Amino acid sequence: MNRFVPILIACLILCGNLFGREFAVLVYNVENLFDIDGVSRFEDYRQPPEGHYGPEELLNKMANIRRTLEAVNDGQGPEVILFQEFELDLTPLGTPSASEFLAMTEGRSLLTVLGEDPSVMTLPVELLLLKHLEDHGLTGYHITKPDSYRMEDHTPHNNVVFSRFPIKFVRQRDLHEARDLQVVGLDVDGRTFVVLTSHWKSG
């Protein structure tokens with residue numbers, strides 16, 4: 001994960017200069033964090049009997065992501081995370097909000113919930129990761145992602161922002177044959193801090 005260190009240090013310095021306080025912004029390509037809803041454009045991330053990617057594999061990937069986040073802020077994780085390569089949810093109907101999902105699953109771990117309620121497997125992976133982080137004490141994140149219905153090019157992935165600061169606005173810009181650009185305004189102590197996250201097409 002050393003490739004993230006220069007970005008993280010630069011952001012810490014920038015944020016400290018702008019706002020008189022330090023906070024961490026981490027840019028993190030998670031490399032194919034896919035959900036387990038049984039629908040996938042990639043063979044490697046299909047569930048049995050077509051593939052071998054299930055709850056155990058997903059939980060292992062999320063545990064590795066969590067350990068990376070715990071390396072920041074003495075185990076508390078960064079205040080802002082710009083994630084790349086979350087699966088673009090292909091079964092979006094009936095998806096609860098982040099707060100609704102956390103309320104529905106309060107007092108139960110993600111592992112328990114997946115075993116008790118198979119319908120949870122149809123939820124987008126960002127909700128499952130949020131719950132996993134909550135289970136391990138990395139709490140207080142708000143989530144924003146592009147609106148898939150506005151995307152000109154439906155790539156397999158999208159970018160997702162996790163922020164402990166309130167989200168003031170979200171804007172979305174089409175990028176040809178790439179994941180849509182997100183422009184997100186965060187409320188940091190009453191001032192607007194804008195982050196942009198994208199994932200350019202290889203080559």
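Computed over heavy atoms, backbone and side chain alike; hydrogens, waters and symmetry mates excluded. Because the structure is a prediction, the values reported are computed rather than measured.
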(message) Here's a test for you: under side chain to side chain contact (heavy atoms under 4.5 Å, CB included), which of L186, V25, V188, N73 qualifies with E79?
(response) N73
Is the shortest side-chain heavy-atom distance between [X] and [Y] below 4.5 Å?
{"X": "V120", "Y": "L123", "answer": "yes"}
{"X": "L69", "Y": "L26", "answer": "yes"}
{"X": "M62", "Y": "L33", "answer": "yes"}
{"X": "F169", "Y": "V194", "answer": "yes"}
{"X": "L128", "Y": "L59", "answer": "no"}
{"X": "I143", "Y": "V161", "answer": "no"}

Rounded to the nearest 0.5 Å, how far apart are [atom1] of [X] and [atom2] of [Y]?
{"X": "E126", "Y": "F83", "atom1": "CD", "atom2": "CZ", "result": "10.5 Å"}
{"X": "K131", "Y": "M104", "atom1": "NZ", "atom2": "CE", "result": "10.5 Å"}
{"X": "L110", "Y": "D135", "atom1": "CG", "atom2": "CG", "result": "6.0 Å"}
{"X": "E134", "Y": "F101", "atom1": "CD", "atom2": "CZ", "result": "10.5 Å"}

(message) Looking only at the side chains, is there a donor atom on one of S109 and T112 sitting less than 3.5 Å from an acceptor on the other?
(response) yes
(request) Verify side-chain hydrogen bond (donor to acceptor under 3.5 Å, both in side chains) between S163 and Y141, making sure each step is shown before the conclusion. (result) CA-CA 5 Å; S163 171; Y141 286 112; over 6 Å; no
Any donor-acceptor pair under 3.5 Å from [X] side chain to [Y] backbone:
{"X": "Q84", "Y": "L82", "value": "yes"}
{"X": "T105", "Y": "R108", "value": "no"}
{"X": "K61", "Y": "E31", "value": "yes"}
{"X": "R171", "Y": "L181", "value": "no"}

(request) Step through the shown structure and confirm whether more than 12 heavy atoms of other residues, nucleotides or ligands are within 6.0 Å of CD on E106. (result)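 Incorrect, the count does not exceed 12.
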(request) Check the surroundings of atom CG in N60: do more than 12 heavy atoms from other residues, nucleotides or ligands lie under 6.0 Å from it? (result)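 Yes, CG of N60 has more than 12 neighbouring heavy atoms, counting only those of other groups under 6.0 Å.
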(message) Looking at F193, I'd like to know if the NZ or CZ of R191 sits under 6.0 Å from its six-membered ring centre while staying within 45 degrees of the ring's axis.
(response)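 Pair R191/F193 does not count as cation-pi.
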(message) Restricting to non-hydrogen atoms, name the atom on N159 and the atom on Q182 that form the minimum distance, rounded to 0.1 Å.
(response) O-OE1, 3.0 Å
(message) I'd like to know if R66 pairs up with E70 as an ion pair, taking the criterion as any Lys NZ or Arg NE/NH1/NH2 lying under 4.0 Å from an Asp or Glu carboxylate oxygen.
(response)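 Answer for the salt bridge query: yes.
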(message) Under the criterion side-chain contact (heavy atoms from CB on, under 4.5 Å), I'd like the reasoning laid out for V27 against T197: C-alpha separation, chi angles, the key distance, then a yes or no.
(response) CA-CA 8 Å; V27 179; T197 178; over 6 Å; no
